[in-house]
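Notes follow the structure.
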Amino acid sequence: MAYRVPFVNPRQHYLNLKSEIDAAITGCLERGDLIMRQQLADYEQHLAAYVGTRYAVGVNSGYHALHLSLLAAGLGPGDEVVTVAHTFVATISAIVHVGAKPVLVDVGKDYNMDMEALERAITPKTKAVLPVHLNGRVCDMGRLMALARQHNLIVIEDAAQALGASYAGQRAGSFGLAGCFSHYPFKVLGGFGDGGIVTTNDAQLARKVALLRYNGEDRETGEYHYHGYTALLDNVQAAVLDVKLRHLPKWIAWRQHIASRYRQGLSDVGDLTLPHFEGEAFVDIFQNYVIRTRRRDELRAYLRERGVETLVHWPKPVWEHKGLQLGDHRLPETESICREVISLPMSAETTEEEVDYVVSSIRDFFRQ
Ligand SMILES: Cc1ncc(COP(=O)(O)O)c(C=O)c1O
């Protein structure tokens, strides 16, 4: 179905950057620069500088950024890692795949980890906490880092949705031992396929992730130090991401503008709750614009009829997917979020006219 307002617009995204992107890709192809060449090193350096860490190591997905960070941090069987249930499944799968136990806690109204729930979940087996900065908003890292210090916990940040977001002037991905980002095409900085990156200030962790992503091999000596993975960020993707990184500040500013336009149009409508939260320390980048209503399914169907594409992140709690074997949980906020949330069109290509159309459609729905 062709939507009048698509959720994202990858075709337009490419056309807006065509000459720069084409030059980056053909540059790699013409030189034969495919695997671990200068373009990857350049991108890693630029991304680290943007996030504010000493190192960045490109990998082939946000999932592998998490998995390799957890492994490099030494987490494994017998360890508990506290994270949220309200996240993309990859966060939890990465913990499971290193053999550790994911301990799922609830989130607060801002969709991020509830710090009191984190504190209650800490046991003598807790080795790490894995906060997820969801929808482009950083968790309360002041409280989280204080708790982590108090209980001697490793912090690995899932910053897949929060590149450029900050708390107290510090960017997502620069607080913990490692920050994990996704370059999935529809992320705020997306490639043309899968990709991800790990940020860190720890030289040892950076080196271990760099070895693990390349089958454990030290490229200088040919020595295999670990049983690793084939999980590199492709050079061509890195070259494209390096081009796009230069546009990121402008795209983030546009997302913030779109968010404030939604806010203006929707702040007094029906039972809607909008994603604008308190706290001057937070700068949100609006990876997603998520609203809540008890009439979610009806609203979604109505918007679809009007040609507005929306998504639901996510329609049922992760533990209800029985194949994941996560046990049973009672996490009231997570459960009601699953019933109530709907994500509106939001991207660097979303236009003011599109936002106004979405707003008037939503207003019409609640007027009926
Ligand atoms: C919160 C979160 N964690 C992890 C991931 C995994 O990233 P990827 O799809 O690049 O593996 C994503 C993205 O899809 C995500 O949104």
Side-chain angles (χ1 to χ4, degrees), residues 7-8 10 43 47 51 56-71 81-98 102 104-107 110-113 128-139 141 144 155-165 172-173 175-176 178-199 209 212-213 229-234 237-238 240-241 244 255 275 284-290 311-315 317-318 321 324 326 334 337-338 341 343 346-347:
F7 191 73
V8 289
Y43 175 61
L47 192 280
V51 169
V57 185
V59 293
N60 65 353
S61 64
Y63 169 79
H64 267 101
L66 289 161
H67 185 156
L68 302 186
S69 295
L70 289 164
L71 278 179
V81 179
V82 181
T83 193
V84 286
H86 183 57
T87 180
F88 183 56
V89 64
T91 315
I92 300 165
S93 299
I95 298 170
V96 170
H97 281 313
V98 301
L104 305 181
V105 299
D106 213 351
V107 292
D110 65 353
Y111 306 106
N112 280 339
M113 186 177 278
V129 52
L130 205 170
V132 180
H133 308 309
L134 208 69
N135 300 323
R137 180 180 176 85
V138 181
C139 295
M141 292 309 279
L144 190 140
V155 177
I156 309 267
E157 297 168 68
D158 182 337
Q161 299 195 4
L163 181 58
F175 293 88
C180 305
F181 293 91
S182 166
H183 292 313
Y184 180 73
F186 308 123
K187 295 298 192 236
V188 63
L189 180 62
F192 292 130
D194 282 315
I197 200 157
V198 175
T199 51
V209 171
L212 286 169
R213 72 175 172 174
Y229 300 82
T230 304
L232 265 178
L233 179 62
D234 288 328
Q237 291 288 2
V240 167
L241 290 164
K244 290 192 184 190
R255 283 173 180 270
D284 300 355
I285 57 106
F286 294 98
Q287 165 67 57
N288 300 310
Y289 194 84
V290 180
L311 294 179
V312 170
H313 305 100
W314 294 269
V318 69
H321 296 265
L324 299 177
L326 293 170
T334 298
I337 284 170
C338 291
V341 287
S343 303
M346 169 61 85
S347 72

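Side-chain atoms are counted along with the backbone in the values below, which use heavy atoms only and exclude waters and symmetry mates. Start at 1 and go down the list; that is how both ligands and their atoms are numbered.
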*What pairs with Gln161 under side chain to side chain donor-acceptor pair (under 3.5 Å), at least two apart in sequence or on another chain?*
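Testing Gln161 for side chain to side chain donor-acceptor pair (under 3.5 Å), a comparison that skips the adjacent residues, returns Asn288.
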Short N or O contacts of ligand 1 with protein, under 3.5 Å, listed by atom name?
unit_1: ligand 1; atom_1: 3 (N); unit_2: Asp158; atom_2: OD1; d: 3.3
unit_1: ligand 1; atom_1: 3 (N); unit_2: Asp158; atom_2: OD2; d: 2.7
unit_1: ligand 1; atom_1: 7 (O); unit_2: Ser182; atom_2: OG; d: 3.4
unit_1: ligand 1; atom_1: 10 (O); unit_2: Gly62; atom_2: N; d: 2.7
unit_1: ligand 1; atom_1: 10 (O); unit_2: Ser182; atom_2: OG; d: 2.7
unit_1: ligand 1; atom_1: 11 (O); unit_2: Gly62; atom_2: N; d: 3.3
unit_1: ligand 1; atom_1: 11 (O); unit_2: Tyr63; atom_2: N; d: 2.9
unit_1: ligand 1; atom_1: 14 (O); unit_2: Lys187; atom_2: NZ; d: 3.2
unit_1: ligand 1; atom_1: 16 (O); unit_2: Gln161; atom_2: NE2; d: 2.9
unit_1: ligand 1; atom_1: 16 (O); unit_2: Lys187; atom_2: NZ; d: 3.1

What's the shortest heavy-atom distance between [X] and [Y], and which atoms?
X      : Y      : value
Leu66  : Thr91  : CD1-CA, 3.8 Å
His86  : His313 : CE1-O, 3.5 Å
Pro317 : Cys338 : N-SG, 3.5 Å

Would you mind reporting whether Ile337 and Tyr111 have side-chain heavy atoms less than 4.5 Å apart?
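A side-chain contact exists here, since the closest heavy-atom pair is under 4.5 Å.
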Check whether any side-chain heavy atom of Tyr43 sits under 4.5 Å from a side-chain heavy atom of Ile197, and report yes or no.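 Side chain of Tyr43 against side chain of Ile197, heavy atoms only: contact under 4.5 Å found.
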